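Before any comments, here is the structure.
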Amino acid sequence: MLIAQVIVDVPTNQTNHTFDYLIPPPLEDIVEKGMRVSVPFGPRKVMGFVLDVVSQSEWDKLKDIDEVLDIHPILTEELLELGKWISEQTTSFYIQTFQAMLPQVLKASYKKEIEALTEVDLSPAFQQLFAGRAVIDYQEFIERNGDHKQLLEEVNQGHLHINYIVKSKETNKTKTFVAPNKDLLILEEAIEDISARAKKQKEIIEYFIQYPEPIEKQELFKKLQTTSSTVNQLIKKDLLKTVEKKVYRDPFQAEHFQRTEPLPLSKQQQEALDPIHQAIDQAENEVFLLHGVTGSGKTEVYLQAIAKVIEQGQEAIVLVPEISLTPQMVQRFKGRFGSQVAVLHSALSPGEKFDEWTKIHKKEVKVVVGARSAIFAPFENIGIIIIDEEHETSYKQDEQPRYHAREIAKWRGTFHHCPIVLGSATPMLESYARAKKGVYHLLNMPDRMNNTEMPPVEVVDMRDELHAGNRSMFSRRLLEAIQTRIDRGEQVVLFLNRRGYSTFVMCRECGEVMKCPNCDIALTYHKSSHQLKCHYCDYQVPMVKECTSCGSNTIRYFGTGTQKVEESLKEHIPEATVIRMDVDTTRRKGSHKRLLEQFGQGKAQILLGTQMIAKGLDFANVTLVGVLAIDTMLHLPDFRSSEKTFQLLTQVSGRAGRHKLPGEVVIQTYTPEHYSIEYASQYNYQQFFSQEMEMRRSFGYPPYYYLTLITVTHANAFKAEEVTRTICKLLFKHLSPDARVLGPTPSPMVRINNRYRYQCMVKYKDEPNQRDIIRKIQQHYNEEVHRDNLTIQVDFEPYSFM
DNA sequence: AGCACGCCGACT
DNA sequence: GTCGGCGTGCTC
């Protein structure tokens with residue numbers, strides 16, 4: 001008898017191991033590693049992943065697998081191995097990791113129903129509830145206030161039975177096709193019988209005699225200028241039939257991708273591509289860091305590397321930050337490789353994601369372009385993995401399992417013996433340091449295509465503006481520059497990293513700042529809805545007219561949000577049309593794309609936006625980029641804030657003057673002397689790198705030290721702090737003396753959603769036992785986590801410190 | 001996570 | 001004496 005080792009869909013410490021199940025004879029040839037099954041677990045049924053099939057078990061009373069949920073394994077053996085590794089690296093539950101590798105719709109959904117085994121013996125109450133039906137939803141029983149005790153009694157007496165149903169949520173989209181239901185000869189005869197008045201019916205039959213293949217219903221209607229009533233007549237006569245056929249939801253259906261051919265490479269592109277091609281040829285597991293300035297033509301290098309991989313019959317994964325998975329980017333890959341490309345990103349509906357994933361699973365595509373989770377594409381013969389904008393923090397997942405796509409890429413690269421390419425204009429310090437040490441193979445592309453220069457950057461000191469009596473958010477220099485572009489019919493991109501109208505609202509009388517009652521954070525004013533919103537929880541209230549503290553009506557807005565800038569622009573330059581892009585205006589599906597298209601067609605002169613416009617945009621007519629207030633970013637409580645500022649400024653500057661027209665960049669700041677602003681304005685990555693490395697060394701941050709961040713949350717502040725203190729002590733005691741344990745410290749956001757947050761930070765060089773110690777600490781608090789709603793988050797190599 | 005089992009207080 | 005409250009522990 002064969003035995004399946006199964007990880008069940010119960011994310012707890014006590015169930016974080018495999019459970020053994022017998023494979024009943026009818027399923028013997030079906031069950032395979034990597035499949036999802038439904039298994040009895042205690043009194044109920046749950047979904048589980050088969051990790052292995054073995055012939056022996058240490059347990060004696062094994063239950064049978066209930067049902068198989070997949071025809072083919074949905075996780076390859078490689079992904080099963082990888083999943084185990086990630087779970088151990090991130091101290092996550094196995095089940096969480098496997099779920100993270102798959103599209104949402106492959107998660108199980110659970111249902112309970114009550115079945116009546118008898119009609120006559122049932123108590124009157126239940127007879128009434130069932131009302132003649134054999135089965136009712138458990139949910140219905142609850143909603144009608146069913147008596148739980150009576151239910152159990154009936155179950156014990158054998159009158160009722162509770163069914164636990166495990167289902168996969170995926171659905172296949174089908175379309176209705178119409179096809180002939182009879183031999184063509186019979187159809188020809190049938191035409192004679194059709195009434196002479198039924199001209200359309202005859203036409204349809206004649207069509208099918210000529211083209212007997214099934215045709216989609218809607219298409220048939222269009223082709224023959226008819227409707228379902230006519231077709232239905234023929235179906236009634238048994239001459240035609242309908243067939244349901246599975247179709248892929250195609251998110252790019254309406255788009256035509258202009259086929260592109262490989263472009264001739266510049267010298268520096270060729271020099272970057274050669275070693276990559278060589279690594280592909282020789283199946284070398286090498287990590288390349290492609291350091292290319294914005295506009296240096298990195299994408300063309302990727303495309304030609306992929307072309308070679310496809311030529312060799314292998315597959316390619318391309319990761320792109322979520323935010324820059326723009327239509328322009330998709331266009332380039334689809335244009336070169338056509339239907340061999342699957343695209344995975346968050347703007348797709350769950351069904352569309354599943355369909356794109358299915359194409360990969362069925363090996364119908366050779367290339368996947370996607371955000372973070374596309375790193376788990378179930379390919380089996382990977383020839384290259386490319387991570388574009390490798391410094392982007394969105395490659396780190398901010399929930400369990402807290403993996404970094406770069407590390408997963410390296411693991412898979414080792415498995416498949418294939419090269420990894422990390423591309424960026426502003427590599428992460430850690431990556432560049434590795435490249436300098438020779439751990440990564442550094443490839444440089446210092447020049448822009450067509451020898452265009454990076455646009456000159458002017459840094460405007462906003463303190464001077466204030467002294468000169470300019471209290472607006474635009475410096476005189478920037479306004480003048482915008483005006484010039486508008487007059488010349490050119491376009492402007494304005495960047496601001498704050499959405500909403502104002503960052504906070506304060507009473508001038510007493511200084512009270514309107515705060516979220518759950519989060520200890522200032523509320524943001526949204527003018528369009530006239531609401532105060534918390535960006536950390538869902539709290540929102542109508543804008544207050546009087547101070548909640550002193551009752552005065554001297555409420556003032558401080559700071560600047562995108563909405564406010566938009567309004568102010570209209571005052572200063574009324575003739576300009578503005579397109580605003582932030583989370584609020586791009587929430588609806590497709591709006592992101594639509595707004596960019598409008599801007600591309602010149603329907604507006606100014607594009608104003610947050611982070612999302614910093615990357616990947618390429619509009620020939622944009623000759624001015626303005627950065628309104630970079631200081632908020634510079635002063636975030638994050639040791640990477642300088643690096644992030646430098647990266648962002650470089651990124652944004654790259655949006656200007658990419659083509660024939662020369663560009664210009666204006667950065668407004670209150671701290672023009674800061675090195676990240678100074679070096680960004682000079683496009684001097686090397687100098688920034690050295691100075692930032694010096695800072696990291698002296699403060700003991702990556703890449704000199706590794707970090708682990710433990711965040712404890714609890715409804716009670718004292719409790720949260722006390723647990724954190726104990727954890728710090730335990731870590732200090734068990735880690736090596738070289739490790740530095742900092743804390744307990746209140747998190748930069750002490751309270752979110754009425755829960756207090758305290759942190760412990762570990763800085764270390766080498767702590768092989770660290771994960772074991774942390775696992776033990778987690779187990780120690782297991783009960784309290786369970787009982788007392790305590791949470792302990794562990795983040796290895798964190799990217800966010802909030 | 002669910003669900004059963006079991007041990008204590010307030011009731012017909 | 002019983003009903004039902006929730007704390008505790010298990011699920012192959």
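Reminder, nothing fancy here: chain letters follow the sequence lines and each chain counts from 1. Remember, predicted model here, so these are calculated numbers, not experimental data.
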Nearest-Å distance, NZ (A:Lys112) to P (B:dA1)? 16 Å
May I have all residue pairs that pass ring-ring contact (aromatic ring centres under 6.0 Å, His included) and include part of residues 4-46 of chain A, sequence neighbours excluded? A:His17-A:Phe19, A:Phe19-A:Phe41
Could you tell me whether A:Tyr164 contacts a base, only the sugar-phosphate backbone, or nothing, with contacts defined as non-hydrogen atoms closer than 4.0 Å? sugar-phosphate
Determine, for A:Lys359 against A:Glu356, whether the closest basic-nitrogen to carboxylate-oxygen distance falls under 4.0 angstrom. yes
To the nearest Å, how far apart are A:Ile142 CD1 and B:dC3 C1'? 13 Å
Taking the side chain as C-beta and beyond, is there a heavy-atom pair between A:Arg402 and A:Phe796 under 4.5 Å? no
Heavy atoms only, 4.0 Å cut-off, all strands: where does A:Lys45 land among base, sugar-phosphate and nothing? nothing
Shoot me the first and last contacting nucleotide of DNA chain C against chain A, ordered 5' to 3', at under 4.0 angstrom to non-hydrogen atoms. C:dG4 to C:dC12
What integer distance in Å separates A:Gln139:CD from B:dG2:P? 13 Å
Distance check needed: B:dC3 P versus A:Asp9 CG, whole Å only. 14 Å
Report yes if the side chains of A:His72 and A:Lys362 come closer than 4.5 Å at any heavy-atom pair, otherwise no. no
I'd like to know if the side chain of A:Glu352 and the backbone of A:Ser349 have a donor-acceptor N/O pair within less than 3.5 Å. yes
With the threshold set at under 4.0 Å for non-hydrogen atoms, list the residues of residues 32-44 of chain A touching DNA chain B in residue-number order. A:Pro43, A:Arg44
Looking at A:Gln157, I want to see if its CD is surrounded by more than 12 non-hydrogen atoms of other residues, nucleotides or ligands under 6.0 Å. yes
Check for a donor-acceptor pair, side chain of A:Glu721 on one end and backbone N or O of A:Tyr758 on the other, with a separation under 3.5 Å. no
Length of the line joining A:Met47:CE and B:dA1:P, which is rounded to integer Å: 16 Å
Between A:Phe19 (CZ) and B:dA1 (P), how many Å, whole number? 14 Å
Centroid-centroid under 6.0 Å between A:Tyr799 and A:Tyr395 rings: no
Considering every strand and a 4.0 Å limit on heavy-atom distances, what is the contact class for A:Gln14: base, sugar-phosphate, or nothing? base
Look at the side chain of A:Arg133 and the backbone N and O of A:Phe130, then say whether any donor-acceptor pair between them is shorter than 3.5 Å. yes
Want to settle it: does A:Leu152 or A:Val10 sit nearer the 5' end of DNA chain B, counting the closest nucleotide to each? A:Val10
